[in-house]
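Here is the structure we will look at, set down as structure tokens.
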Amino acid sequence: MGSKILPQWASKPCAMGIDEAGRGPVLGPMVYGCLYCAQSYLKTLATLSFADSKTLKEEKREELFETLKTNDSIGWAVDVIDARELSAKMLKKNKINLNEISHDSAMGLIDRVLKMGVLLTEVYIDTVGDAGKYEMKLSRNFPSIKFVVAKKADSLYPVVSGASIVAKVTRDRALREWVLDETAENMQRDFGSGYPGDPQTKAWLEDHKHRIFGFPTLVRFSWGTCNSYFKDVAQVLWDSDNLDEDGGGGKNSNGKRQLKLSNVGFTSSKRGSEEIESSGKGRCRFFQARKLEHLTNF
């Protein structure tokens, strides 16, 4: 991310563009990227051939990324949200949807750059959800900044086009250099584009599912498209422990903790998936046999 010593231009009014890569795929991270510079540099920025990253070939994107990295008049940063984090947030009890995750990521980048001491006065960003509401949310959090929230911002504003290149190249490299956490012998890297409709991606998902352990960590298993791969999944019945006597952490009137588990961690009542609810009575034999107990202090 740019130079560690804050350049002189950063204390003058600056503009920032923010864009993401990898919102739609079922594989790999979603990456938010930002690019910022002095407002007085925006005209020059417009001459640097930045364009919406989707309109450029990979070699050109890589070349432009290397160019902007060596440009002392430009700063940049990224936020890489991996598949596990996306799925965990979207499936937790108080679900966080993709729009909220996107908003939080963009605001996190703004906050990070402000804390570095950059005088941000304008931010250009692609709309996520309702443009008016998003703009209000951003302005409420950062009242000193003027926000421009627009559809196709990456093709309208060079500062967003630059951010789009930062995000896309970072995501492409993350996928290329992805290290297989899993050690199964048949793990392959030929997963295609990673989009749910891609036949190569579909075939890869089919070949890499496991009826007990689910998908490899590259997969966003919260995506609805993943459910169809687990028709023969092993159902899990979990007899939960009683809560401590003070009842901390649970809301059930009978003082028992109840868990619903099915489809290797992704449930969807809308899709009518069968759910098994534990009775909460007693301890699971697995734990009793091994004399395993809850640890409250580590």
Side-chain angles (χ1 to χ4, degrees), residues 1-23 29-42 44-46 48 50 52-53 65 68-69 71-82 85-86 89-90 96-171 174:
M1 172 173 58
S3 171
K4 287 184 181 176
I5 300 165
L6 202 62
Q8 282 189 327
W9 56 259
S11 58
K12 293 171 184 166
C14 291
M16 176 196 266
I18 300 177
D19 200 27
E20 52 74 28
R23 182 180 167 88
M30 180 168 76
V31 177
Y32 260 78
C34 72
L35 183 135
Y36 55 94
C37 63
Q39 283 197 31
S40 57
Y41 188 74
L42 286 174
T44 311
L45 189 77
L48 299 183
F50 292 150
D52 172 9
S53 64
F65 186 47
L68 71 86
K69 273 166 49 175
N71 187 330
D72 292 337
S73 299
I74 296 173
W76 60 279
V78 292
D79 181 24
V80 179
I81 311 160
D82 73 22
E85 187 181 342
L86 286 170
K89 285 181 172 175
M90 292 173 78
I96 305 174
N97 67 34
L98 198 58
N99 281 2
E100 284 181 83
I101 294 169
S102 299
H103 291 173
D104 290 346
S105 181
M107 290 191 293
L109 285 173
I110 295 167
D111 194 48
R112 197 196 307 178
V113 173
L114 284 172
K115 281 177 176 163
M116 286 164 52
V118 178
L119 180 60
L120 280 183
T121 54
E122 286 186 356
V123 172
Y124 298 82
I125 188 166
D126 205 16
T127 187
V128 174
D130 181 278
K133 286 180 183 173
Y134 191 16
E135 198 169 309
M136 281 171 61
K137 184 177 183 179
L138 290 164
S139 298
R140 203 165 49 240
N141 281 279
F142 305 101
S144 63
I145 298 174
K146 179 197 167 194
F147 287 95
V148 177
V149 180
K151 281 185 179 177
K152 307 284 183 193
D154 47 6
S155 54
L156 292 174
Y157 306 104
V159 72
V160 183
S161 306
S164 148
I165 288 162
V166 168
K168 182 78 173 110
V169 172
T170 302
R171 176 176 149 84

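Nothing fancy with the numbering, it's 1 onward along the sequence.
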Notebook entry, point to check: Any side-chain heavy-atom pair from Met107 and Leu138 closer than 4.5 angstrom?
Noted result: yes
Item checked: Evaluation steps, side chain to side chain donor-acceptor pair (under 3.5 Å), between Glu20 and Ser105 -> CA-CA 9 Å; Glu20 52 74 28; Ser105 181; over 6 Å; no
Item checked: Closest approach of Ala163 to Gly17 (non-hydrogen atoms, all atoms of both residues) -> CB-O, 3.3 Å
Next item on the list: Kindly give the heavy-atom pair with the smallest separation between Ala15 and Leu42, and that separation in Å.
Entry: CB-CD1, 3.9 Å
Checklist line | Point-to-point distance, once rounded to the nearest 0.5 Å, from CD of Gln39 to CD of Glu122 | finding: 4.0 Å
Notebook entry, point to check: Minimum heavy-atom separation for Cys37 to Trp9, with atom names?
Noted result: CA-CZ3, 3.6 Å
Check: Taking Ser11 for the side chain and Gln8 for the main chain, is one N or O donor matched with an acceptor at less than 3.5 Å?
Finding: yes
Next item on the list: I would like to know whether Glu100 and Lys89 meet side chain to side chain contact (heavy atoms under 4.5 Å, CB included); could you show each step before the answer?
Entry: CA-CA 10 Å; Glu100 284 181 83; Lys89 285 181 172 175; over 6 Å; no
Note to self: Give me the atom names and distance for the closest heavy-atom approach of Val128 to Arg23.
What the structure shows: CG1-NH1, 3.8 Å
Check: Would you say the side chain of Leu68 lies within less than 4.5 Å of the side chain of Leu35, judging by non-hydrogen atoms?
Finding: yes
Item checked: Note, Met30 side chain near Leu98 side chain (heavy atom, < 4.5 Å) -> yes
Check: Would a 4.5 Å heavy-atom cut-off, applied to side chains only, mark Met90 and Ile101 as touching?
Finding: yes
Margin query: Before you tell me yes or no, could you show the steps for Asn141 and Ile110 under side chain to side chain contact (heavy atoms under 4.5 Å, CB included), namely the whole-Å CA-CA distance, both residues' side-chain angles and the distance that decides it to 0.1 Å?
Written below: CA-CA 10 Å; Asn141 281 279; Ile110 295 167; over 6 Å; no
Check: Does the side chain of Cys34 come within less than 4.5 Å of Val113's, by heavy atoms?
Finding: yes
Next item on the list: Supply the atom-to-atom distance Ile125 CD1 to Leu109 CG, rounded to the nearest 0.5 angstrom.
Entry: 8.5 Å
Check: In Å and rounded to the nearest 0.5 Å, what is the CG to OH distance from Asp130 to Tyr134?
Finding: 12.0 Å
Check: How far apart are the C-alpha atoms of Asp19 and Lys168, what are their side-chain angles, what is the distance that settles it, and do they pass the side chain to side chain contact (heavy atoms under 4.5 Å, CB included) test?
Finding: CA-CA 9 Å; Asp19 200 27; Lys168 182 78 173 110; over 6 Å; no
Note to self: If I take atom CG from residue Asn99 and atom OG1 from residue Thr127, how far apart are they, to the nearest 0.5 angstrom?
What the structure shows: 8.5 Å
Next item on the list: Classify the ring geometry between Tyr124 and Tyr157 as parallel (under 30°), tilted (30 to 60°) or perpendicular (over 60°).
Entry: tilted
Check: For Phe50 and Ile165, which heavy atoms make the closest approach, and how far apart are they?
Finding: CD2-CD1, 3.8 Å
Margin query: The test is side chain to side chain contact (heavy atoms under 4.5 Å, CB included); show your working for Val31 and Val166 and say whether it passes.
Written below: CA-CA 9 Å; Val31 177; Val166 168; over 6 Å; no
Item checked: Minimal non-hydrogen separation, Phe147 against Phe142, with atom names -> CE1-O, 3.7 Å
Check: For the atom pair CG (Leu48) and OG (Ser161), what is the distance rounded to the nearest 0.5 Å?
Finding: 11.0 Å
Note to self: Nearest 0.5 Å, please: how far is CG in Asp79 from OG in Ser102?
What the structure shows: 10.0 Å
